[in-house]
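Note that these values count all heavy atoms, side chains included, but never hydrogens, waters or copies made by symmetry. Letters A, B, ... are given to chains in the order of the sequence lines, protein chains preceding strands, and every chain is numbered from 1.
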2 protein chains.
Amino acid sequence: MADVPPGSANQEGLSELAALAAMPYKARSVRPIWLQIYDRLADVIRREVVAPGAKLPGEVYLADLFGVSRITMRRALALHQNEGLLQARKGVGIFVRSRPRRFLIRNDMQFAESLAVDGGDITSRTLWLGRQRPSPEAAELFGIAPDDEVICLHRLRQLDGAPIYVSRKEFPAARFPEFEARYRQSGSVKDVFQSAGIDSFYRSETRVLGGLASRSEAEVLEISPKTPVQYVTAINCDASGAAIEFNRGCWPMASVELVFAVPH
Amino acid sequence: MADVPPGSANQEGLSELAALAAMPYKARSVRPIWLQIYDRLADVIRREVVAPGAKLPGEVYLADLFGVSRITMRRALALHQNEGLLQARKGVGIFVRSRPRRFLIRNDMQFAESLAVDGGDITSRTLWLGRQRPSPEAAELFGIAPDDEVICLHRLRQLDGAPIYVSRKEFPAARFPEFEARYRQSGSVKDVFQSAGIDSFYRSETRVLGGLASRSEAEVLEISPKTPVQYVTAINCDASGAAIEFNRGCWPMASVELVFAVPH
DNA sequence: CAGTGGTCTAGACCACATG
DNA sequence: ATGTGGTCTAGACCACTGG
């Protein structure tokens, strides 16, 4: 048996974890061991036996505790990372995700409103702002040439400092000649729109596409590469119906639910 | 080296596969071997070096071919199963998915219309039809008691015989006393609606939620358990705005794209 | 430096589908 | 009976993080 108590996750939680690990397994043919371990971990996390944000004992310790090889243990842990309940940091440890809540994104609301959830401090970080060639979709949408320019804005949304959503926005440069200056003043796209004489706009289309996170996406979102994510593409139009924004965002699959309601 | 040519995937394809496998790997620190193998497999599938629907050589043969352990090989294969390009059948082999196309689900169209894609034969199979206690969501939606009854319909949609979508629909029993009889006649929910005096209806809300396939879902969809899927929940209302259908469907993540457009 | 998670191996047994 | 994919092990080395 393991005799080295690991760093974190208080004593009480540790002993309860040990008790759960000591339970006999059902037959492998009924349910694979790694899935049974997965189930017990899910229970432990759901009941907050180990607190959100806390560090789990190391893999070797856990493997010993559950009486399986490290590979089998890793498999159970990996699935929970896929589902967003756990997050491993190389060289550091495996942590319980602090706030595994889901966000509701409604098509009849601005994104910012959608994000205003129960408690929690939503912040926005500008990763990059500049001019680029348009993506093919944006070029067609704005009716501009492929070698024309768009204003491109990369942003990261955070909840209490933890990243939850990364987006890449494109705007037609011709329409917003002073975009950079205005944005730097207020940090708000809505304000830039207003200063360009656009008082009202609406989301004309929203697309949802599932995928697995690329390396760069995983990095900024602090998840493992190849974790399932939702790509949400949104098009905003001014009152006349002309497209003014093309937005492609990436959410960890586990942390967002999308709602599309028709006003009636 | 392996010297047993496996069952399927024609000779030409096999030799090209072998050539690709023989290429030297980049340093493991740059990109893990299993991801490099994953990349090469993706290339092979995309270029249809092995035809859609064809069987891949066995895992042990492939592992030998790529010069890695079976576990490493399996890791590359597993990721492709997650993304829907490959599908393993226990005791049989690993197959290239025949039609990895995506379906567009629009909120301004009936599901049946959405499915009418380029070529391909869409069929529907009724898995189960009967009466049950309502799900909590349906009970609230229809304004009925938790111990009341709903008509419940499980259906599977297939494209050229291959399953692509499974759904569970609930209807208020009080409103459709002859549901079963009518549905058995036509096999169409729309017809049942009409025979109950409902000529027009609309989708009032659509929800999208990511998840990993349960064992039963994976079984009917012929995918591996824990493959990423999209759960799409739809509510249909009659012209007066009363809910008449609660529908929860499950798609393999890789085979669906959702579009929500506002009519303007 | 020690401890962590990430990768990889060689070998084994099982359940399943097919002939 | 054979071959397939699914599970599991014991051990090893690496890269990264932190004190």
Side-chain angles (χ1 to χ4, degrees), chain A residues 2-9 25-38 54-64 66-82 86-96 215 218-219 222-227, chain B residues 2-9 25-38 54-64 66-82 86-96 215 218-219 222-227:
Chain A
D3 52 5
V4 183
S8 178
Y25 293 110
K26 283 180 286 191
R28 216 160 65 175
S29 50
V30 177
R31 192 163 184 147
I33 305 290
W34 67 272
L35 272 177
Q36 296 187 46
I37 296 179
Y38 164 87
K55 182 158 121 23
L56 244 51
E59 288 179 353
V60 285
Y61 178 88
L62 284 174
D64 193 10
F66 281 89
V68 295
S69 77
R70 191 178 156 214
I71 296 222
T72 304
M73 191 67 222
R74 273 180 66 76
R75 205 161 163 184
L77 292 166
L79 187 52
H80 270 130
Q81 289 180 55
N82 247 20
L86 292 180
Q87 183 209 328
R89 287 169 55 197
K90 195 172 177 173
V92 185
I94 301 178
F95 297 82
V96 179
R215 226 171 70 115
E219 225 157 74
E222 290 176 11
I223 55 179
S224 314
K226 301 297 181 184
T227 297
Chain B
D3 52 5
V4 183
S8 178
Y25 294 111
K26 282 181 284 191
R28 217 160 62 175
S29 50
V30 178
R31 194 169 171 87
I33 306 289
W34 67 273
L35 270 177
Q36 295 187 46
I37 295 179
Y38 164 87
K55 182 157 122 20
L56 245 50
E59 287 179 353
V60 285
Y61 178 88
L62 284 173
D64 193 10
F66 280 88
V68 295
S69 78
R70 192 179 154 213
I71 296 221
T72 304
M73 191 68 222
R74 273 180 65 77
R75 205 161 164 183
L77 292 167
L79 186 53
H80 270 129
Q81 290 180 54
N82 248 18
L86 292 181
Q87 183 211 327
R89 287 168 54 197
K90 195 172 178 174
V92 184
I94 300 177
F95 297 82
V96 179
R215 224 171 71 118
E219 225 158 74
E222 291 177 10
I223 57 180
S224 314
K226 300 298 181 184
T227 298

Of all the nucleotides listed (dG5(D), dT7(D), dC8(C)), which has the minimum atom distance to the side chain of P32(A)?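 Output: dT7(D).
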
Report the residues that fulfil side-chain hydrogen bond (donor to acceptor under 3.5 Å, both in side chains) with T72(A), sequence neighbours left out, ordered by chain and then residue number.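 Scan of T72(A) (side-chain hydrogen bond (donor to acceptor under 3.5 Å, both in side chains), adjacent residues dropped) gives S69(A).
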
What pairs with [X] under salt bridge (Lys or Arg N to Asp or Glu O under 4.0 Å), at least two apart in sequence or on another chain?
{"X": "R28(A)", "answer": "none"}
{"X": "R70(A)", "answer": "E59(A)"}
{"X": "R89(A)", "answer": "none"}

Atom [atom1] of [X] to atom [atom2] of [N]: distance rounded to whole Å?
{"X": "E59(B)", "N": "dC14(C)", "atom1": "CD", "atom2": "C1'", "answer": "14 Å"}
{"X": "I71(A)", "N": "dA10(D)", "atom1": "CD1", "atom2": "P", "answer": "11 Å"}
{"X": "K226(B)", "N": "dT7(D)", "atom1": "NZ", "atom2": "P", "answer": "12 Å"}
{"X": "F66(B)", "N": "dT7(C)", "atom1": "CZ", "atom2": "P", "answer": "18 Å"}
{"X": "M73(B)", "N": "dA10(C)", "atom1": "CE", "atom2": "P", "answer": "15 Å"}
{"X": "Q87(B)", "N": "dA17(C)", "atom1": "CD", "atom2": "P", "answer": "13 Å"}
{"X": "F95(A)", "N": "dG3(C)", "atom1": "CZ", "atom2": "C1'", "answer": "13 Å"}
{"X": "L77(A)", "N": "dC8(D)", "atom1": "CG", "atom2": "C1'", "answer": "16 Å"}

Can you pull every protein N or O that's under 3.5 Å from an N or O on nucleotides 12-17 of chain D?
from	atom 1	to	atom 2	distance (Å)
dA12(D)	N6	R70(A)	NH1	3.4

Could you go step by step and tell me if I71(A) and W34(A) meet the side-chain contact (heavy atoms from CB on, under 4.5 Å) rule? CA-CA 9 Å; I71(A) 296 222; W34(A) 67 272; over 6 Å; no

Can you see if the side chain of T72(A) gets near the phosphate of dT9(D) - specifically, an N or O under 4.0 Å from OP1 or OP2?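 Yes, T72(A) has a side-chain N/O under 4.0 Å of OP1/OP2 on dT9(D).
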
So I94(A), base contact, sugar-phosphate only, or nothing? Heavy-atom distance under 4.0 Å.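 I94(A): backbone/sugar contact only, no base atoms under 4.0 Å.
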
What contact category does R74(B) fall into here, base, sugar-phosphate, or nothing, at under 4.0 angstrom with non-hydrogen atoms?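 Touches a base.
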
Tell me which of Q81(A) and S69(B) sits closer to the 5' end of DNA chain C, going by the nucleotide each one is nearest to.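 Per heavy-atom nearest nucleotide, the more 5' residue is Q81(A).
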
Between atom CZ of F66(A) and atom OH of Y61(A), what is the distance when rounded to the nearest 0.5 Å?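 Spacing of CZ (F66(A)) from OH (Y61(A)) equals 10.5 Å.
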
For E219(A), enumerate each residue passing the side chain to side chain contact (heavy atoms under 4.5 Å, CB included) test, keeping only those at least two apart in sequence or located in another chain.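 Applying side chain to side chain contact (heavy atoms under 4.5 Å, CB included) to E219(A) gives none.
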
